[in-house]
Trainee: 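After the structure tokens below, expect a handful of questions from me.
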Amino acid sequence: MRIARLDLAAFGPFSDRSLDFGGGAPGGLHLVYGRNAAGKSSALRAVADLLFGIPSKSSDDHVHPYQALRIRALLEDGNGERVLVQRLKRGKDSLRDENDAPLDEMVLRRLLGSVDRPMFERVFGLDH
């Protein structure tokens with residue numbers, strides 16, 4: 001799976017921000033850097049929360065209340081097929097499609113394979 005675009009619609013300090021990861025080398029290694037307090041860690045948490053769900057207690061309601069938190073991403077599988085997914089801060093049906101309809105969690109599980117949140121945080125979502 002590859003993230004082609006990450007939309008931080010309402011998450012942490014972000015409102016309607018988009019990160020385009022469509023370019024770069026095949027395989028999709030991207031380095032995100034910036035000043036202290038620029039939002040790098042918040043963006044990394046957004047990726048994990050998009051893929052695995054926003055925890056019941058989240059510190060990412062800086063600007064937006066819990067019920068308004070929203071993360072979107074355009075994901076690509078290994079065959080170039082694309083799917084847009086959204087994650088809301090909800091106890092049920094938090095994964096949504098591009099039309100804001102509930103989306104089966106199996107869509108992400110198929111893309112992630114055996115990767116769970118702890119593995120993602122140790123291997124893929126690296127920080128200092």
Trainee: Does the side chain of L6 reach to within under 4.5 Å of the side chain of S18, using non-hydrogen atoms?
Mentor: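 No, side chains not in contact.
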Trainee: Are any of the side-chain heavy atoms of L108 and L51 separated by less than 4.5 Å?
Mentor: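 Heavy-atom side-chain distance check passes, below 4.5 Å.
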Trainee: State plainly whether the residues R109 and E105 are in salt-bridge range, i.e. N to O under 4.0 Å.
Mentor: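 So R109 does not pair with E105 through a salt bridge.
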Trainee: Would a distance-only check, ignoring hydrogens and angles, find a side-chain to backbone donor-acceptor pair under 3.5 Å from Y66 to S58?
Mentor: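 Checking the backbone N and O of S58 against the side chain of Y66, a donor-acceptor pair under 3.5 Å is found.
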Trainee: Quick check against the 3.5 Å criterion: does K40 have a side-chain atom that pairs as donor or acceptor with the backbone of V32?
Mentor: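 No; zero donor-acceptor contacts below 3.5 Å.
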Trainee: Is there side-chain contact between K89 and S94, with at least one heavy-atom pair below 4.5 Å?
Mentor: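 They are not in side-chain contact.
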Trainee: Can you check whether A101's main-chain N or O pairs, donor with acceptor, with N99's side chain at less than 3.5 Å?
Mentor: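 Between the backbone of A101 and the side chain of N99 there is no qualifying donor-acceptor contact (under 3.5 Å).
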Trainee: If you measure from CZ on R2 to CD on E76, what distance do you get to the nearest 0.5 Å?
Mentor: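 Rounded to the nearest 0.5 Å, the CZ-CD separation comes to 6.0 Å.
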Trainee: Just verifying a value: how many Å separate L69 CG and Q67 CD, rounded to the nearest 0.5 Å?
Mentor: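 Answer for the CG-CD pair, L69 versus Q67, is 8.0 Å.
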Trainee: Just to verify, which of L74, D97, L50 counts as forming a side-chain contact (heavy atoms from CB on, under 4.5 Å) with V85?
Mentor: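 So, applying the side-chain contact (heavy atoms from CB on, under 4.5 Å) to V85 and each of L74, D97, L50, only L50 qualifies.
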Trainee: Taking D20 for its side chain and G22 for its backbone only, find out whether a donor-acceptor pair lies under 3.5 Å.
Mentor: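 Yes: the side chain of D20 pairs with the backbone of G22.
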Trainee: Would you find more than 12 non-hydrogen atoms of other residues, nucleotides or ligands less than 6.0 Å from R17 atom CZ?
Mentor: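 Not more than 12 within 6.0 Å, no.
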Trainee: Among L19, L8, I3, I71, find the one that has a side-chain contact (heavy atoms from CB on, under 4.5 Å) with V47.
Mentor: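 Of all the options given, the one that passes is I3.
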Trainee: Roughly how far apart are D7 CG and D16 CG, rounded to 0.5 Å?
Mentor: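 Reported to 0.5 Å precision, the distance equals 9.0 Å.
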Trainee: Is there a donor-acceptor contact under 3.5 Å from the side chain of H64 to the main chain of P13?
Mentor: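 Such a contact is absent between H64 side chain and P13 backbone.
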Trainee: Looking at R45 and D49, does any basic side-chain N land under 4.0 Å from a carboxylate oxygen?
Mentor: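 A salt bridge is absent here (no side-chain N lies under 4.0 Å from a carboxylate O).
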Trainee: Please examine the side chains of S42 and H62, heavy atoms only from C-beta on, and report whether any two atoms are closer than 4.5 Å.
Mentor: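 Of all side-chain heavy-atom pairs linking S42 with H62, at least one is under 4.5 Å.
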Trainee: Any donor and acceptor pair, going by atom type alone, linking the side chain of D61 with main-chain N or O of P65 inside 3.5 Å?
Mentor: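 Not confirmed, D61 side chain does not pair with P65 backbone.
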Trainee: Quick check: do V107 and L75 have side-chain heavy atoms less than 4.5 Å from each other?
Mentor: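 No; the side chains remain at least 4.5 Å from each other.
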